[in-house]
Amino acid sequence: MKHLLTPRAILLASALAIAPAAYAETPADTLVVAATIDDIITLDPAQAFEFSGIDVTINLYDRLVDFDPMDLEAGFQPSLAESWEVSEDGKSITFTIRDGATFHSGNPVRAEDAAWSLQRVVKLNKTPAFILTQFGFTPENVEEKITFEGNKLTLNLDKPYAQSFVLNCLTAGVASILDKEAVMANAEGEDMGNAWLSTNAAGSGAYTLGGWRANEAVQLAANEDYWQGAPEMKRVVIRNVAESSAQRLLLEQGDIDVARDLTPTDVDAVREVDGLKIQEEPKGRILYMGLNQKDELLSNPAVIEAMKHLVDYEGISDSFLKGIFVPHQSFLPKGYLGALDENPWTYDVEKAKQILADAGVEGGTITTKIRDLREYIDVAQTLQASMAEAGLTLEIEQMTGAQVLDAYRAREVPIFLGEWGPDYSDPNTNAATFAFNPDNSDEAQATGLLAWRNAYAVPEEMGAATEAATLEQDSEKRAEMYKDIQRQYQEEAPIIPLFIRVANTGLQENVENWTSGGTVTNAMYRSVTKGE
Amino acid sequence: MIDANKDGSGQGQTPPASASDRRAGRNRRLRGIAGTLLSLALTLLGLLLVTFIIGRVMPIDPVLKVVGDRATQAQYDAVYQAMGLDQPLVVQFFRYLTEVVTGDFGRSISTGQPVIEDIKRVFPATLELASLGTLIGVSIGVPLGVIAAARRGGIIDQIARVVALVGYSMPIFWLGLMGLLLFYGILGWVGGPGRQGIIYDGMVPHVTGMILVDSLIAGDWAAFQDAFSHIILPASLLGYFSLAYISRMTRSFMLEQLSAEYITTARVKGLSERAVIWRHAFRNISIPLVTVIALSFGSLLEGSVLTEIIFSWPGLGQYITKTLLAGDMNAVLGGTVVVGVCFIGLNLLSDLLYRVLDPRSK
């Protein structure tokens, strides 16, 4: 032991400690992304429903219809299906599968693979399955409802749904088309390859899976035989880096090309650095306030109305939420069919006081649970201050996200602050959860519906309108229907949309054509290029 | 062997012959090992039980982590049953124990992987970091403590005290971030967060999982340099915290020895101060010091959570924290077993070293 402790050894150790590092610039054909990806629990498209998981699968698999990463506004485009036809009664859609597309295994993409992939989702019935089962598919009937012949695939729906509704749903990650042969060769028991696909992939997408180490990294390799042409980035590495400041340092040092989770402070700092840029994109996630109708005070329409005027929309989005949220007071994000760009409420404590006084509400105390995340706590505290001015007391209990969510699903959170992201790119995704609640009883256990979680008994005509909008074939009319629903919603609903999230991505200046997916989809890497 | 008779209280009768004497000695040693193993098993069992109960009373719903926010009640119920949560606690615990005995720690719900696979991946990362951290802590902390004691009140003693004080009071995440900013961001002397630069990611064949070791085995000097440039900063940070503890303990052990009579005797005999300190006093403190170092190593193994988060170090500390917050009990219990086994192992090891180092035990 003695020789370890000589002054020479110490000198040697400290010399080693300051030895210059071997530097690694990112190679020209590799895209290196830093992001928080510890939410991935599986890469099976039938099951993956976390942000980071879908970000990966969307690049490994193709769907029947898909977005063009360079033109998200254009909506769904032909992909593995080169065309489609709707039957006269509007209840079935027949897709023609494109020739010449192959899976990563080399197998051709067939209508049979497509039919099997969609059937598989329904049979496995994991969380995202509802995106497909809402068209009347059940594990029992799905083999008759989703059929194929030659290169044609037919979906037989239970109602004449709007074509846009069905096709929008088919752009979702859950509707990915899998290589049936490759998956079934790795199936265990009745799992249809579910276990194997959690860490493997069998798609036809622009990238193949190099590997996934949980909480660490995902590696993708370019599919050189991709039917839309090989992507320019031969390798994509997504590193799990949880700290915004660490992401910023990595970006500044040139060790990464993309930083996806920068805080407002770091965004400002990155803007100032030569050779770096910030790309702002609206995301679909809406920060809203749910007023639980089981609470006597909060079910008073005057209190609901007053609360809309007690949120300092501009103040909050100009200060601590700067750059990551902007005010947004309707339940559809921009970019969706029928999105309403009207913000009727303003921060006005006097008005709120007047409303409460007119209704004879004299004070009151609400104790609520808030997720212990800086953003939410800050919003809650601002709300607390303005509520106090109007004579209402807000008491805040801080809890972990999982705890609050648990209580929320049990309808036990009086004032809920949280975000809701769309599940697929059709307006029905948010309409059906914010403005639809056919059975408001505790027994209904409709935990998936925000309206139910807040015990909001949606008026019958609003629920009916939401259903009717899914059947309207005329897209313009359909858009108007959603606008009407949102206006009525703004009038009376106790679930109040407040802000919408903005993605601030830090990029090296030479990174072009990056997209985080906008409000409608996920990050797609096949269009990304790196200049000199 | 003769000594063995003296404290052979369990023997009942005095063995007449040397053959049975040896047998008795062997039996006792075997019983000693059995006893150690039994207490080891009981400690682990207790650890698991406590962790299990904490996990179950924690107000976090593990099912939600699996099915997500959007699941229907039917999907929720299916997973609830599949996870065995509908069973009584005793049944759940017993079932878990039977699985653990067969080496099956179940599947983690936060990563979707078998817990044993996760641990195989994250443990070497932490082991590598903690080992280097302890090495740094010992190689600086011990001499610092010794010198501080020898020149009590002198400049080095003052420095040691400040170093220890700062080490105790400085928040580790702040120090870590500042270190990153300075040595990586501004000076560019070390690698950034993560265990390796991107281009080396997955390049070194996996043998031990410790990249420094693996790259040496592979003879890949560039990969070794890269890994070293990434580990040196977090390891120094951990080393600093362990050195603050080790130097303080060394100093107080040393002061105690230096005031002992035998030291005065040695000095009177005309031994050089250097010989007095290193040959006599240090020799005696090396025994309790081993325990201090083992404990400090153990606490680095489980306590490097913040360091791992700041440096995006995919290790055990990060793993246990994340899985705990997700209510992912299989993963937490698996991680706990590993940490528990390490602590028990370190205790055994320091016991063993005690015997080797302590002349009285010979």
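Computed over heavy atoms, backbone and side chain alike; hydrogens, waters and symmetry mates excluded. Just so we're on the same page: letters track the sequence lines, and every chain starts at 1.
At least one donor-acceptor pair closer than 3.5 Å links the side chain of Q253(A) to the backbone N or O of G185(B). Looking only at distances, a side-chain donor or acceptor of T323(B) sits under 3.5 Å from a matching main-chain atom of Y319(B). Between the side chain of R453(A) and the backbone N or O of R409(A), no donor-acceptor pair lies under 3.5 Å. A donor-acceptor contact shorter than 3.5 Å links the side chain of W313(B) to the backbone of A125(B).
The contact between L180(B) and chain A is made by backbone and side chain atoms together, counting heavy-atom distances below 4.5 Å. Of the atoms belonging to V241(A), heavy atoms from both backbone and side chain fall under 4.5 Å from chain B. Interface remark: Q73(B) contributes backbone and side-chain atoms alike to the contact with chain A (heavy atom separation under 4.5 Å). In this structure, the portion of I40(A) lying under 4.5 Å from any heavy atom of chain B is its backbone and not its side chain. The part of Q219(A) that comes within reach of chain B is its side chain, from C-beta onward, which places non-hydrogen atoms under 4.5 angstrom from that chain. Proximity to chain A (any heavy atom under 4.5 Å) is restricted, for Y76(B), to the side chain, taken from C-beta onward. Contact of L181(B) with chain A is made through backbone and side chain together, with heavy-atom distances under 4.5 Å.
Counting heavy-atom pairs closer than 4.5 Å to chain A, the top residue among G327(B), P314(B), G112(B) is P314(B). When each of Q247(A), K126(A), E50(A), Q403(A) is scored by its heavy-atom pairs under 4.5 Å with chain B, the top score falls to Q403(A). When each of A235(B), S110(B), G192(B) is checked for heavy-atom pairs under 4.5 Å with chain A, S110(B) comes out on top. No other option in E252(A), R239(A), E243(A) has as many heavy-atom pairs under 4.5 Å with chain B as R239(A). Listed options A217(A), G401(A), A214(A) were ranked by heavy-atom pairs under 4.5 angstrom with chain B; first place goes to A214(A).
Qualifying ring pair (Phe, Tyr, Trp, His ring centres under 6.0 Å) partners for F49(A), counting only residues two or more places apart in sequence or in other chains: none.
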**OP:** Decide salt bridge (Lys or Arg N to Asp or Glu O under 4.0 Å) for R195(B) and E128(B); before the verdict, give the C-alpha distance in whole Å, the side-chain angles of both, and the deciding distance to 0.1 Å.
**Re:** CA-CA 10 Å; R195(B) 294 179 73 189; E128(B) 189 170 36; 2.9 Å; yes

Original post:
After noting the C-alpha distance and the side-chain angles of R70(B) and D423(A), does the key distance pass the salt bridge (Lys or Arg N to Asp or Glu O under 4.0 Å) rule?
Top reply: CA-CA 9 Å; R70(B) 315 285 159 100; D423(A) 295 322; 2.2 Å; yes

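Legend: salt bridge (Lys or Arg N to Asp or Glu O under 4.0 Å) pairs involving residues 173-186 of chain B, not counting sequence neighbours: none detected. Within the structure, the salt bridge (Lys or Arg N to Asp or Glu O under 4.0 Å) test picks out no pair touching residues 136-149 of chain B (sequence neighbours left out).
Geometrically, R411(A) engages W452(A) in a cation-pi contact defined by less than 6.0 Å to the ring centre and at most 45° from the axis.
F434(A) and W420(A) have perpendicular rings, their planes meeting at more than 60° on a 0 to 90° scale where under 30° would count as parallel.
For a heavy-atom cut-off of 4.5 Å, chain A lies close to R121(B) in residues 114-123 of chain B.
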